[in-house]
Amino acid sequence: MAQPEARARIRQLREEDALQLEATSTDGVTVVRMQARELAFAVCEEFQKGMEKLMESGNTMLLIDFETIEFMDSMGIGTLIALRNKAHERGGELGLARIADPVHKVLRITQLHKVFPIYDDLESGVQALRNR
């Protein structure tokens, strides 16, 4: 059985890893702001469910704001690919914006920077996706 200190640390980690999604629509593009430090195993299921719910509601042109994301693991990569495929099945697109250098490095190493439209800021991402 875990010691009280270990249980407290696990609770703290869960709180730090908590994911919050905020979606706003502008000109037919839904901007999804993620409030989390990581797109990793701990939050991927919740992230995917939230994104799929948006798509089921008719939001197919999606721009994900990565401003707070400092780390992404293989589960995060797989989740993004699955969501991109679902958006494409619905005639939409999944773009990424404001990506931190460590996450951008992961996208380059995996060659996913060639798969996802990536934007430096939200305004250019919304404009590009709106014109697709």
Side-chain angles (χ1 to χ4, degrees):
M1 180 157 205
Q3 299 293 344
E5 301 86 27
R7 284 195 302 268
R9 179 68 184 137
I10 290 168
R11 276 194 300 278
Q12 181 181 0
L13 286 172
R14 287 184 185 147
E15 289 170 8
E16 290 173 3
D17 291 339
L19 172 71
Q20 294 178 12
L21 297 177
E22 178 186 317
T24 56
S25 291
T26 305
D27 296 328
V29 176
T30 301
V31 176
V32 181
R33 289 185 171 86
M34 292 192 299
Q35 293 299 318
R37 290 189 350 222
E38 300 180 350
L39 183 54
F41 178 79
V43 298
C44 282
E45 183 178 349
E46 183 180 354
F47 173 65
Q48 186 163 358
K49 285 179 182 178
M51 293 296 294
E52 287 175 352
K53 188 174 181 179
L54 284 171
M55 284 188 245
E56 289 167 5
S57 299
N59 301 288
T60 58
M61 298 305 279
L62 300 157
L63 180 63
I64 302 174
D65 184 356
F66 266 74
E67 183 181 37
T68 64
I69 305 298
E70 302 167 359
F71 173 80
M72 181 170 62
D73 67 5
S74 60
M75 185 76 149
I77 291 168
T79 301
L80 284 178
I81 292 169
L83 291 170
R84 176 192 173 272
N85 292 342
K86 287 186 185 219
H88 281 202
E89 288 171 6
R90 290 177 158 85
E93 183 60 84
L94 182 71
L96 313 177
R98 302 199 300 180
I99 300 173
D101 287 338
V103 175
H104 205 271
K105 184 177 180 179
V106 169
L107 293 171
R108 284 191 311 270
I109 289 170
T110 58
Q111 299 291 302
L112 290 173
H113 68 291
K114 297 177 182 178
V115 174
F116 290 96
I118 297 175
Y119 307 98
D120 291 334
D121 56 69
L122 297 176
E123 294 79 20
S124 62
V126 168
Q127 184 177 355
L129 291 176
R130 184 183 62 223
N131 293 329
R132 282 188 170 229

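The structure presented is a predicted model; accordingly, all values stated were derived computationally and were not measured.
Under the 4.5 Å side-chain contact rule for hydrophobic residues, L21 and F71 do not share a cluster. Cluster annotation: V32 is connected to F116 through the hydrophobic network of ILVMFWY side chains, with a link wherever side-chain heavy atoms come within less than 4.5 Å. In the hydrophobic clustering of ILVMFWY residues, with side-chain heavy atoms under 4.5 Å counting as a link, L80 and M34 come out together. In this structure, L129 is not a member of the same hydrophobic cluster as L96, with clusters built from ILVMFWY side-chain heavy atoms closer than 4.5 Å. When the side chains of ILVMFWY residues are joined at heavy-atom separations under 4.5 Å, either directly or via intervening members, V103 and I64 end up in a single hydrophobic cluster.
Atom NZ of K49 and atom CD of E56 lie 12.0 Å apart (nearest 0.5 Å). The line from OG1 of T26 to CD of E123 is 10.0 Å long, rounded to the nearest 0.5 Å. Interatomic distance, N85 CG to L83 CG, rounded to the nearest 0.5 Å: 9.0 Å. In this structure, E93 CD and L63 CG are separated by 10.5 Å, a value rounded to the nearest 0.5 Å. One distance of note links CG of L94 with CE of M51; it measures 5.5 Å at 0.5 Å rounding. To the nearest 0.5 Å, atom CZ of residue R84 and atom CG of residue L112 are 9.0 Å apart.
Between D121 and A97, the closest heavy-atom pair is O-CB, 4.1 Å. Heavy-atom minimum distance, Y119 versus G95: CE1-CA, 4.4 Å. Nearest approach of I99 to H104, heavy atoms of both residues: CG2-N, 3.4 Å. Of all the heavy atoms in R130 and V29, the pair that sits closest is N-CG2, 3.6 Å. Heavy atoms only, all atoms of each residue included: M55 and R90 are closest at O-NE, 3.7 Å. The minimum heavy-atom distance linking H113 with I118 is given by the pair CA-CD1, 3.8 Å.
No donor-acceptor pair closer than 3.5 Å links the side chain of S25 to the backbone N or O of T30.
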TODO: Could you walk me through whether D65 and E22 pass the side chain to side chain contact (heavy atoms under 4.5 Å, CB included) test, one step at a time?
DONE: CA-CA 10 Å; D65 184 356; E22 178 186 317; over 6 Å; no
TODO: Might you work through the side chain to side chain contact (heavy atoms under 4.5 Å, CB included) test for E38 and V43, ending with a clear yes or no?
DONE: CA-CA 8 Å; E38 300 180 350; V43 298; 5.7 Å; no
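You'll find the side chain of V115 stays beyond 4.5 Å of the side chain of I81, heavy atoms only. Using a 4.5 Å heavy-atom threshold, the side chains of L122 and E67 count as separate.
The environment of CG in D101 is sparse: at most 12 heavy-atom neighbours from other residues, nucleotides or ligands sit within 6.0 Å. Summarising the local packing, CD of E52 is surrounded by more than 12 heavy atoms from other residues, nucleotides or ligands at distances under 6.0 Å.
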